[in-house]
Amino acid sequence: MVVKVGTSTLTNDLEKSNLRSFDRIACVLSDIQNMGYEVILVSSGAIALGTNKLKMKTRPTSMRLKQAAAAVGQCSIMHLYDKFFNDYDKTIAQILLNAEDMEMEEKKENLTNTFDALLEMGIIPVVNENDSVSYTEIDSEDRLFGDNDMLSAVVAVLCRAQKLVILSDIDGFYDSDPRLYPNAKRIERINVIDEDVQSFAGGAGSRRGTGGMKTKLQAANLATSQGIDTIITNGKNPSVLYEIIKGGSVGTLFVGKR
């Protein structure tokens, strides 16, 4: 199982680290691994946590400051994950990727071998995009790894995952933006991502993250095309992962093509 957690889940309304979220994610993923599942965590949040640690009043806009914030924030994220996963007797590993790593066959093979070796040893890989050097991904309007949504799908395909779970800041995929339209309806199951479904995807989500439903839909499209069931659900309660494992109806399920 590949689980992607976004910036909005890892930070609070003051844009500081949400320690309860870090702890809950570590607890649930550790427990799931204890149940016999292999788990990979794809985590956003480096720029947001770096911005806070550097005591910047607003999120940086220049490339050099964004990359500086990402470099600092990545240390903070891994420190917190290492602390909380260690509380549950788990070892984690850091893997930083950029688009080029996926385009070269030799690099892809090396990555697959690394993931396989870590999982075989019972280690939980924590994956993030290498924002401190990957300038094309930070500023591109239609970037490949939009807030790591696409990155999580690529990792899921690379590692032959059975499920991809994207923890968002809303309860699933809706027929319109639930923040703007109170009558918006959550779609429980989507078998085919057609033009009608694509028309429902709006812009970015919360102000703390950069990935909206558009990038999540792109991620679901990639993963399902390779037979991977993809679920979009709210990250406020990571315990929903237990229900997903049991096959319960949580968030929105995009059915993998068999």
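Computed over heavy atoms, backbone and side chain alike; hydrogens, waters and symmetry mates excluded.
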Please set out all donor-acceptor pairs under 3.5 angstrom arising from side-chain atoms of residues 245-258, sequence neighbours excluded.
residue, atom, partner, partner atom, Å
S249, OG, E188, OE1, 3.3
T252, OG1, F173, N, 2.8
T252, OG1, F173, O, 3.4
T252, OG1, I187, O, 2.5
R258, NH1, G227, O, 3.0
R258, NH1, D229, OD1, 3.4
R258, NH1, G256, O, 2.9
R258, NH2, D229, OD1, 3.1
R258, NH2, D229, OD2, 3.0

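Here the side chains of T230 and K216 are not in contact, with every heavy-atom distance at 4.5 Å or above. Side-chain atoms of N128 and I95, non-hydrogen and from C-beta on, never get closer than 4.5 Å to each other. With a 4.5 Å cut-off on side-chain heavy atoms, I92 and M78 count as touching.
The shortest heavy-atom contact between L151 and E129 is CD2-N, 3.6 Å.
Taking a 6.0 Å sphere around OH of Y242, one finds it holds more than 12 heavy atoms contributed by other residues, nucleotides or ligands. Annotation: E109, atom CD; neighbour count of heavy atoms from other residues, nucleotides and ligands within 6.0 Å does not exceed 12.
Applying the under-4.5 Å side-chain rule to Ile, Leu, Val, Met, Phe, Trp and Tyr, the cluster around L65 extends to L54, M56, V72.
Atom-to-atom distance recorded for L164:CG and S152:OG is 4.5 Å, nearest 0.5 angstrom.
The backbone N or O of L19 lies less than 3.5 Å from no partner atom in the side chain of D23, so there is not a single donor-acceptor pair.
Ion pairing between a basic and an acidic side chain is recognised when a charged N comes within 4.0 Å of a carboxylate O; R179 and D169 show such pairing.
Scanning for side-chain contact (heavy atoms from CB on, under 4.5 Å) contacts around Q162 gives an empty result, with sequence neighbours left out.
Under the 6.0 Å cut-off for aromatic ring centres, Y81 and F22 qualify, their centroids lying closer than that.
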